Amino acid sequence: MTLSVESLTLRNCEQPLFEPVSFKVEAGTILSLMGPSGCGKSTLLSAVAGHLSPAFDLDGEIVLNGITMNLLAPDQRRIGILFQDDLLFPHLNIWENLAFGLPKSFSRKERKEKAIATLARIELRELADKMPPEISGGQRARISLMRMLLSEPHAVLLDEPFSKLDKALRSEFREFVFKQIQVLNIPALMVTHDEDDIPDDGKVLRWPWATSMMKQRGM
(Lines give C-alpha, C1' and ligand atoms only; values in the text may rest on other atoms or scores of the structure.)
Protein backbone atom coordinates (compact mmCIF):
# COMPACT_ATOMS: atom_id res chain seq x y z
CA MET A 1 0.00 0.00 0.00
CA THR A 2 1.30 3.46 -0.91
CA LEU A 3 -0.09 6.94 -0.23
CA SER A 4 1.09 9.76 -2.45
CA VAL A 5 0.23 13.34 -3.33
CA GLU A 6 1.27 14.86 -6.63
CA SER A 7 1.66 18.64 -7.07
CA LEU A 8 -0.88 19.23 -4.32
CA THR A 9 -1.85 22.72 -3.20
CA LEU A 10 -4.92 24.28 -1.59
CA ARG A 11 -6.41 27.63 -2.54
CA ASN A 12 -8.51 29.99 -0.47
CA CYS A 13 -10.02 32.87 -2.48
CA GLU A 14 -7.59 32.06 -5.30
CA GLN A 15 -4.61 32.43 -2.96
CA PRO A 16 -2.52 29.26 -2.52
CA LEU A 17 -2.11 28.15 1.09
CA PHE A 18 1.26 26.65 0.14
CA GLU A 19 3.29 25.93 -2.97
CA PRO A 20 2.59 22.63 -4.76
CA VAL A 21 4.03 19.70 -2.81
CA SER A 22 4.62 16.07 -3.80
CA PHE A 23 5.57 13.08 -1.65
CA LYS A 24 5.06 9.33 -1.32
CA VAL A 25 4.59 7.27 1.85
CA GLU A 26 5.36 3.56 1.55
CA ALA A 27 3.60 0.75 3.42
CA GLY A 28 4.61 0.41 7.07
CA THR A 29 6.41 3.77 7.14
CA ILE A 30 5.62 7.17 8.67
CA LEU A 31 6.26 10.50 6.96
CA SER A 32 6.33 13.43 9.39
CA LEU A 33 5.11 16.78 8.11
CA MET A 34 6.55 19.72 10.05
CA GLY A 35 6.01 23.46 9.83
CA PRO A 36 4.86 26.55 11.76
CA SER A 37 1.30 27.06 12.96
CA GLY A 38 -0.98 28.23 10.17
CA CYS A 39 1.10 26.83 7.30
CA GLY A 40 -1.63 24.34 6.34
CA LYS A 41 -0.49 21.03 7.88
CA SER A 42 -3.84 19.99 9.34
CA THR A 43 -5.69 21.39 6.32
CA LEU A 44 -3.56 19.15 4.10
CA LEU A 45 -4.54 16.15 6.24
CA SER A 46 -8.20 17.15 5.87
CA ALA A 47 -7.76 17.22 2.10
CA VAL A 48 -6.26 13.72 2.09
CA ALA A 49 -9.05 12.40 4.32
CA GLY A 50 -11.78 14.03 2.23
CA HIS A 51 -12.92 16.50 4.90
CA LEU A 52 -11.63 19.67 3.24
CA SER A 53 -13.65 22.80 4.01
CA PRO A 54 -15.66 24.20 1.07
CA ALA A 55 -13.68 27.41 1.55
CA PHE A 56 -10.70 25.69 -0.11
CA ASP A 57 -10.12 24.46 -3.64
CA LEU A 58 -7.71 21.59 -4.24
CA ASP A 59 -5.22 21.32 -7.09
CA GLY A 60 -3.18 18.17 -7.65
CA GLU A 61 -3.81 14.50 -7.04
CA ILE A 62 -4.17 12.27 -3.97
CA VAL A 63 -3.50 8.61 -4.71
CA LEU A 64 -3.85 5.57 -2.43
CA ASN A 65 -2.90 2.14 -3.74
CA GLY A 66 -3.07 3.39 -7.31
CA ILE A 67 -6.58 4.86 -6.88
CA THR A 68 -7.17 8.62 -7.15
CA MET A 69 -9.00 9.82 -4.05
CA ASN A 70 -9.93 13.38 -5.10
CA LEU A 71 -13.59 12.74 -5.96
CA LEU A 72 -14.26 9.98 -3.42
CA ALA A 73 -16.33 10.59 -0.27
CA PRO A 74 -14.46 10.23 3.05
CA ASP A 75 -16.05 6.85 3.84
CA GLN A 76 -14.91 5.49 0.48
CA ARG A 77 -11.25 6.40 0.95
CA ARG A 78 -10.38 3.85 3.69
CA ILE A 79 -8.21 6.43 5.46
CA GLY A 80 -8.15 6.48 9.27
CA ILE A 81 -7.42 9.56 11.40
CA LEU A 82 -6.02 9.82 14.92
CA PHE A 83 -6.47 13.23 16.56
CA GLN A 84 -5.09 14.94 19.68
CA ASP A 85 -8.27 14.07 21.61
CA ASP A 86 -9.42 10.47 22.02
CA LEU A 87 -13.02 11.25 20.91
CA LEU A 88 -14.47 8.17 22.61
CA PHE A 89 -18.26 8.09 22.95
CA PRO A 90 -19.05 8.81 26.64
CA HIS A 91 -22.38 6.90 26.50
CA LEU A 92 -20.74 3.66 25.28
CA ASN A 93 -18.55 1.35 27.35
CA ILE A 94 -15.08 0.45 26.15
CA TRP A 95 -15.90 -2.67 24.15
CA GLU A 96 -18.84 -0.86 22.54
CA ASN A 97 -16.55 2.01 21.57
CA LEU A 98 -14.20 -0.46 19.91
CA ALA A 99 -17.05 -2.29 18.20
CA PHE A 100 -18.22 0.98 16.67
CA GLY A 101 -15.12 1.04 14.48
CA LEU A 102 -15.81 -2.34 12.87
CA PRO A 103 -17.28 -2.63 9.36
CA LYS A 104 -21.08 -2.90 9.22
CA SER A 105 -20.84 -6.45 7.88
CA PHE A 106 -20.09 -7.73 11.41
CA SER A 107 -23.02 -8.98 13.52
CA ARG A 108 -23.45 -7.68 17.08
CA LYS A 109 -22.06 -10.94 18.47
CA GLU A 110 -19.06 -10.75 16.15
CA ARG A 111 -18.54 -7.11 17.09
CA LYS A 112 -18.33 -7.89 20.78
CA GLU A 113 -16.04 -10.90 20.22
CA LYS A 114 -13.71 -8.84 18.03
CA ALA A 115 -13.67 -5.94 20.50
CA ILE A 116 -12.91 -8.23 23.45
CA ALA A 117 -10.17 -9.99 21.48
CA THR A 118 -8.63 -6.62 20.63
CA LEU A 119 -8.63 -5.58 24.28
CA ALA A 120 -6.98 -8.87 25.22
CA ARG A 121 -4.31 -8.36 22.55
CA ILE A 122 -3.31 -4.99 24.02
CA GLU A 123 -3.62 -6.34 27.60
CA LEU A 124 -6.64 -4.21 28.54
CA ARG A 125 -9.30 -6.95 28.71
CA GLU A 126 -10.37 -5.83 32.19
CA LEU A 127 -11.60 -2.50 30.79
CA ALA A 128 -14.29 -4.02 28.54
CA ASP A 129 -17.31 -2.92 30.61
CA LYS A 130 -15.91 0.34 31.95
CA MET A 131 -17.00 3.76 30.69
CA PRO A 132 -14.46 6.21 29.14
CA PRO A 133 -14.36 8.56 32.19
CA GLU A 134 -13.42 5.57 34.37
CA ILE A 135 -10.11 4.82 32.62
CA SER A 136 -6.83 6.72 32.33
CA GLY A 137 -5.82 9.09 29.56
CA GLY A 138 -3.23 6.64 28.27
CA GLN A 139 -5.79 3.85 28.16
CA ARG A 140 -8.27 6.07 26.31
CA ALA A 141 -5.57 6.94 23.77
CA ARG A 142 -4.92 3.24 23.09
CA ILE A 143 -8.63 2.49 22.74
CA SER A 144 -9.05 5.39 20.31
CA LEU A 145 -6.19 4.13 18.16
CA MET A 146 -7.46 0.55 18.11
CA ARG A 147 -11.00 1.67 17.26
CA MET A 148 -9.64 3.51 14.25
CA LEU A 149 -7.54 0.52 13.17
CA LEU A 150 -10.51 -1.85 13.50
CA SER A 151 -12.14 0.07 10.63
CA GLU A 152 -9.44 -1.58 8.47
CA PRO A 153 -7.92 1.60 6.97
CA HIS A 154 -5.54 1.41 4.03
CA ALA A 155 -3.65 4.48 5.30
CA VAL A 156 -3.47 6.46 8.56
CA LEU A 157 -3.29 10.19 9.27
CA LEU A 158 -1.86 11.30 12.63
CA ASP A 159 -2.82 14.87 13.57
CA GLU A 160 -0.49 15.66 16.51
CA PRO A 161 -1.88 12.63 18.40
CA PHE A 162 0.69 12.81 21.21
CA SER A 163 0.61 16.53 22.02
CA LYS A 164 -1.83 16.37 24.96
CA LEU A 165 -0.09 13.51 26.77
CA ASP A 166 2.50 14.01 29.51
CA LYS A 167 6.12 13.29 28.63
CA ALA A 168 6.36 9.74 30.01
CA LEU A 169 3.03 8.65 28.58
CA ARG A 170 3.77 10.38 25.28
CA SER A 171 6.89 8.29 24.68
CA GLU A 172 5.13 5.03 25.56
CA PHE A 173 2.06 5.72 23.40
CA ARG A 174 4.21 6.92 20.50
CA GLU A 175 6.00 3.58 20.36
CA PHE A 176 2.68 1.76 20.62
CA VAL A 177 1.25 3.67 17.64
CA PHE A 178 4.34 3.13 15.49
CA LYS A 179 4.34 -0.60 16.25
CA GLN A 180 0.68 -0.98 15.21
CA ILE A 181 1.32 0.79 11.90
CA GLN A 182 4.28 -1.47 11.17
CA VAL A 183 2.31 -4.61 12.06
CA LEU A 184 -0.54 -3.64 9.73
CA ASN A 185 1.98 -2.54 7.08
CA ILE A 186 0.08 0.60 6.06
CA PRO A 187 1.39 4.09 5.22
CA ALA A 188 1.04 6.89 7.77
CA LEU A 189 1.29 10.67 7.41
CA MET A 190 1.89 12.54 10.67
CA VAL A 191 1.66 16.24 11.53
CA THR A 192 3.81 17.24 14.52
CA HIS A 193 5.72 20.13 16.07
CA ASP A 194 7.96 17.88 18.17
CA GLU A 195 11.20 16.43 16.82
CA ASP A 196 10.92 13.59 19.35
CA ASP A 197 7.76 12.37 17.62
CA ILE A 198 9.67 11.47 14.46
CA PRO A 199 10.52 7.73 14.32
CA ASP A 200 14.24 6.95 14.45
CA ASP A 201 14.15 5.64 10.88
CA GLY A 202 11.30 7.91 9.76
CA LYS A 203 11.37 10.48 6.99
CA VAL A 204 10.45 14.11 7.55
CA LEU A 205 9.30 16.91 5.27
CA ARG A 206 10.07 20.34 6.72
CA TRP A 207 8.53 23.68 5.84
CA PRO A 208 8.67 25.11 3.20
CA TRP A 209 7.67 21.73 1.75
CA ALA A 210 7.97 22.75 -1.91
CA THR A 211 11.70 23.40 -1.52
CA SER A 212 12.36 20.74 1.10
CA MET A 213 13.76 17.27 0.46
CA MET A 214 12.43 14.33 2.44
CA LYS A 215 15.14 13.29 4.86
CA GLN A 216 15.51 10.66 7.51
CA ARG A 217 15.61 11.87 11.09
CA GLY A 218 19.04 13.13 12.06
CA MET A 219 20.19 13.79 8.49
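None of the values given here were measured: they were computed from a predicted structure.
- Taking the side chain as every heavy atom from C-beta outward, Arg174 and Lys179 never approach each other to under 4.5 Å.
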Run the numbers on Phe173 and Leu145 for side chain to side chain contact (heavy atoms under 4.5 Å, CB included), then give the verdict.
CA-CA 10 Å; Phe173 183 55; Leu145 171 69; 4.3 Å; yes
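- The minimum heavy-atom distance linking Ala49 with Leu157 is given by the pair CB-CD1, 3.8 Å.
- Each of Met131 and Ile143 belongs to its own hydrophobic cluster when Ile, Leu, Val, Met, Phe, Trp and Tyr are linked at side-chain heavy-atom distances under 4.5 angstrom.
- Residues Phe100 and Leu102 fall into different hydrophobic clusters, defined by Ile, Leu, Val, Met, Phe, Trp and Tyr side chains chained together at heavy-atom separations under 4.5 Å.
- Contact check for Gln180 versus Met146: side-chain heavy atoms found under the 4.5 Å cut-off.
- Residues Phe23 and Leu52 are members of one and the same hydrophobic cluster, defined by side-chain heavy-atom contacts under 4.5 angstrom among Ile, Leu, Val, Met, Phe, Trp and Tyr.
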Please walk me through it: do Ile94 and Asp129 pass side chain to side chain contact (heavy atoms under 4.5 Å, CB included)?
CA-CA 6 Å; Ile94 298 306; Asp129 295 313; over 6 Å; no
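- Between Arg206 and Glu195 there is a salt bridge, since a side-chain N of the basic residue sits under 4.0 Å from a carboxylate O of the acidic one.
- In this structure, OG1 on Thr43 lies 13.5 Å from NE2 on His51, to the nearest 0.5 angstrom.
- Checked by atom type, the side-chain pair Thr192/Asp197 shows a donor-acceptor distance below 3.5 Å.
- Salt bridge status for Glu172 with Arg142: present, with a side-chain N to carboxylate O gap under 4.0 Å.
- The main-chain N or O of Glu26 is found under 3.5 Å from a side-chain atom of Thr29 such that the two form a donor-acceptor pair.
- Residues Cys39 and Lys41 come closest through the heavy atom pair SG-CG, 3.4 Å.
- Closest approach of Leu150 to Leu98, counting heavy atoms only: CD1-O, 3.6 Å.
- Side-chain contact annotation: Ser42 with Asp159, donor-acceptor N/O pair under 3.5 Å present.
- With Asn65 contributing its side chain and His154 its backbone, the two residues share no donor-acceptor pair below 3.5 Å.
- Under a 3.5 Å cut-off, the side chain of Arg170 and the backbone N or O of Lys164 do not form any donor-acceptor pair.
- Taking every heavy atom of both residues into account, Met148 and Pro153 meet most closely at O-CD, 3.6 Å.
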Go through the steps for Met34 and Ile198 under the test side chain to side chain contact (heavy atoms under 4.5 Å, CB included), then give the verdict.
CA-CA 10 Å; Met34 303 192 74; Ile198 303 171; 3.6 Å; yes
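- In this structure, CG in Leu82 is found 12.0 Å from CD in Glu160, a value given to the nearest 0.5 Å.
- Judged by the 6.0 Å and 45° rule, Arg147 forms a cation-pi pair with Phe89.
- In this structure, Ser53 contributes its side chain and Ala55 its backbone to a donor-acceptor pair below 3.5 Å.
- Between atom CG of residue Leu33 and atom NZ of residue Lys203 there is a gap of 14.5 Å, rounded to the nearest 0.5 Å.
- Side-chain contact check for Pro161 versus Ser144: every heavy-atom pair is 4.5 Å or farther apart.
- Ring planes of Trp209 and Trp207: perpendicular class, angle over 60° (limits at 30 and 60°).
- In terms of the side chain to side chain contact (heavy atoms under 4.5 Å, CB included) criterion, residue partners of Glu19 (sequence neighbours excluded) are, by chain and number, Ala210.
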Test Gln139 against Leu124 for side chain to side chain contact (heavy atoms under 4.5 Å, CB included), laying out the working first.
CA-CA 8 Å; Gln139 290 169 334; Leu124 292 178; 4.1 Å; yes
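- With hydrogens and angles ignored, the 3.5 Å screen pairs no side-chain donor or acceptor of Arg140 with any backbone N or O of Asp86.
- The heavy-atom pair separating Arg77 from Val48 by the smallest distance is NH1-O, 2.9 Å.
- With a 4.5 Å cut-off on side-chain heavy atoms, Leu169 and Phe162 do not count as touching.
- Taking the charged nitrogens against the carboxylate oxygens, Arg11 and Asp57 have no contact shorter than 4.0 Å, which rules out a salt bridge.
- Residues Leu44 and Phe18 meet the side-chain proximity criterion, which asks for heavy atoms closer than 4.5 Å.
- When every heavy atom of Leu119 is checked against every heavy atom of Ala128, the shortest pair comes out as CD1-CA, 3.6 Å.
- Rounding to the nearest 0.5 Å places CG of Asn12 at 4.5 Å from CZ of Phe56.
- Interatomic distance, CG of Leu127 versus OG of Ser136, reported as 8.0 Å (0.5 Å rounding).
- Under the 4.5 Å side-chain heavy-atom criterion for grouping Ile, Leu, Val, Met, Phe, Trp and Tyr, Leu205 is not connected to Leu158 through any hydrophobic cluster.
- In this structure the side chain of His193 reaches within 4.5 angstrom of the side chain of Ser37, judged on heavy atoms.
- Between Pro187 and Val156, the closest side-chain pair of non-hydrogen atoms is not below 4.5 Å.
- A continuous path of Ile, Leu, Val, Met, Phe, Trp and Tyr side chains, each step under 4.5 Å between heavy atoms, connects Leu58 with Ile67, placing both in one hydrophobic cluster.
- A 6.0 Å sphere centred on CZ of Phe176 holds more than 12 heavy atoms belonging to other residues, nucleotides or ligands.
- Taking the side chain as every heavy atom from C-beta outward, Arg125 and Ile116 approach each other to under 4.5 Å.
- Between the CG atom of Asn93 and the CD atom of Glu134 there is a distance of 9.5 Å, given to the nearest 0.5 Å.
- For Glu110 (side chain) and Ser107 (main-chain N/O), a donor-acceptor pair under 3.5 Å exists by modelled atom type.
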